[in-house]
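Note: hydrogens, waters and symmetry copies are ignored here, and every other heavy atom, side chains too, is used. Letters go in sequence order (proteins before strands), and every chain restarts at 1.
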Amino acid sequence: MGRYVQISQSGINSIAYSSIFNIGDTVNFNPKFRAIAMQREGNVWNDNYDLQFNYYSIFEREAKWLDSSLPIETNYHHHDKNIIVGNVSITGVSQSSSVQFGGLKNINAETRLKHIRSIQERET
Amino acid sequence: MNIEVHNWGLSVGDVAIEAIASSSVFLIGDNEEIKLSSFYDTPPESYIVGNIVPLAP
């Protein structure tokens, strides 16, 4: 942390769904993203096609992390505090993601995505 | 575990990225802790023929 970022050119087309683009320092970044991506055949859309998150177990499942966090002692010596970036071109940043030039201390990102395809019955 | 980090400057030239998605990070700089998790599932229940029968909890 505590370094100077010099960026000459950066082009990002789209940043969506709890994502960030940051030049400088960030201490905590805890994005969450939950989605049901429904692709349905048919031209009628009304409420009884609405799906709730609690219908599916993927939205309640716990992530399994390492139980014992290793005791790590880090000390930094910034002899040259400059971060120099030329040009960066990014098309898309989406779903709890981050583009960061500079320090980013703690990240705890989570994405839960459920895809559903619904096809109409064929009258054979 | 002890880590000594000696930074003698950091410079990046050109970067071109198509997409950064589902809990990903593109970082030029320092970091201490990264925890990224992404859940994605397409079980048989995700392909439905006919009308939708929601599984009530």
Chain A interface, residue from [options] that has the most non-hydrogen pairs under 4.5 Å:
{"options": "B:Thr42, B:Val12, B:Asp30", "value": "B:Asp30"}
{"options": "B:Ala21, B:Ser38, B:Gly29, B:Ser46", "value": "B:Ser46"}
{"options": "B:Pro43, B:Ser24, B:Ala16", "value": "B:Ser24"}
{"options": "B:Val49, B:Ile34, B:Ile20", "value": "B:Ile20"}

Query raised in the report: Between the main-chain N or O of A:Leu104 and the side-chain N or O of B:Asn31, is there a donor-acceptor pair closer than 3.5 Å?
Result: yes
Query raised in the report: Counting distance only, does the side-chain N/O of B:Ser37 pair as donor-acceptor with the main-chain N or O of A:Glu110 below 3.5 Å?
Result: no
Only pairs of heavy atoms separated by less than 4.5 Å count here; which of [options] has the most with chain B?
{"options": "A:Gly103, A:Ser10, A:Ser97", "answer": "A:Ser97"}
{"options": "A:Ile12, A:Thr74, A:Val5", "answer": "A:Thr74"}
{"options": "A:Ser14, A:Ser89, A:Ser96, A:Gly11", "answer": "A:Ser89"}
{"options": "A:Ile72, A:Asn13, A:Ile7", "answer": "A:Ile72"}
{"options": "A:Gln9, A:Lys105, A:Gln39, A:Glu121", "answer": "A:Lys105"}
{"options": "A:Ile58, A:Asn22, A:Val85, A:Val93", "answer": "A:Ile58"}

Query raised in the report: What's the spacing between A:Arg117 CZ and A:Met38 CE if we round to 0.5 Å?
Result: 10.0 Å
Requested in this report: Please tell me if the side chains of A:Phe59 and B:Phe39 come closer than 4.5 Å, counting only heavy atoms from C-beta onward.
Outcome: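 Result no, sub-4.5 Å side-chain heavy-atom pair not found.
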Requested in this report: Any pair with a residue in residues 2-11 of chain B that passes side-chain hydrogen bond (donor to acceptor under 3.5 Å, both in side chains), sequence neighbours left out, goes on the list, sorted by first then second residue, please.
Outcome: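 For residues 2-11 of chain B: A:His77-B:Glu4, A:His78-B:Asn7, A:His79-B:His6.
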Is it the backbone or the side chain of [X] that comes under 4.5 Å from a heavy atom of chain B, or both, or neither?
{"X": "A:Gln120", "answer": "backbone"}
{"X": "A:Phe33", "answer": "neither"}
{"X": "A:Arg34", "answer": "neither"}
{"X": "A:Asn82", "answer": "backbone"}
{"X": "A:Arg112", "answer": "both"}

Query raised in the report: Between A:Thr26 and A:Gln100, does any side-chain donor sit less than 3.5 Å from a side-chain acceptor?
Result: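 Looking only at side-chain atoms, A:Gln100 and A:Thr26 do form a donor-acceptor pair, the distance falling under 3.5 Å.
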Query raised in the report: Between A:Ser19 and A:Ser94, is any side-chain donor less than 3.5 angstrom from a side-chain acceptor?
Result: no
Query raised in the report: Which residues satisfy the side-chain contact (heavy atoms from CB on, under 4.5 Å) test with A:Asn28, sequence neighbours excluded?
Result: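 A:Asn28: side-chain contact (heavy atoms from CB on, under 4.5 Å) contacts with A:Asn30, A:Asn106.
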**Report entry** A:Arg3: which of A:Asp80, A:Asp25, A:Ile83 passes side chain to side chain contact (heavy atoms under 4.5 Å, CB included)
**Finding:** A:Ile83
Query raised in the report: Do other residues, nucleotides or ligands put more than 12 heavy atoms under 6.0 Å from the OH atom of A:Tyr4?
Result: no
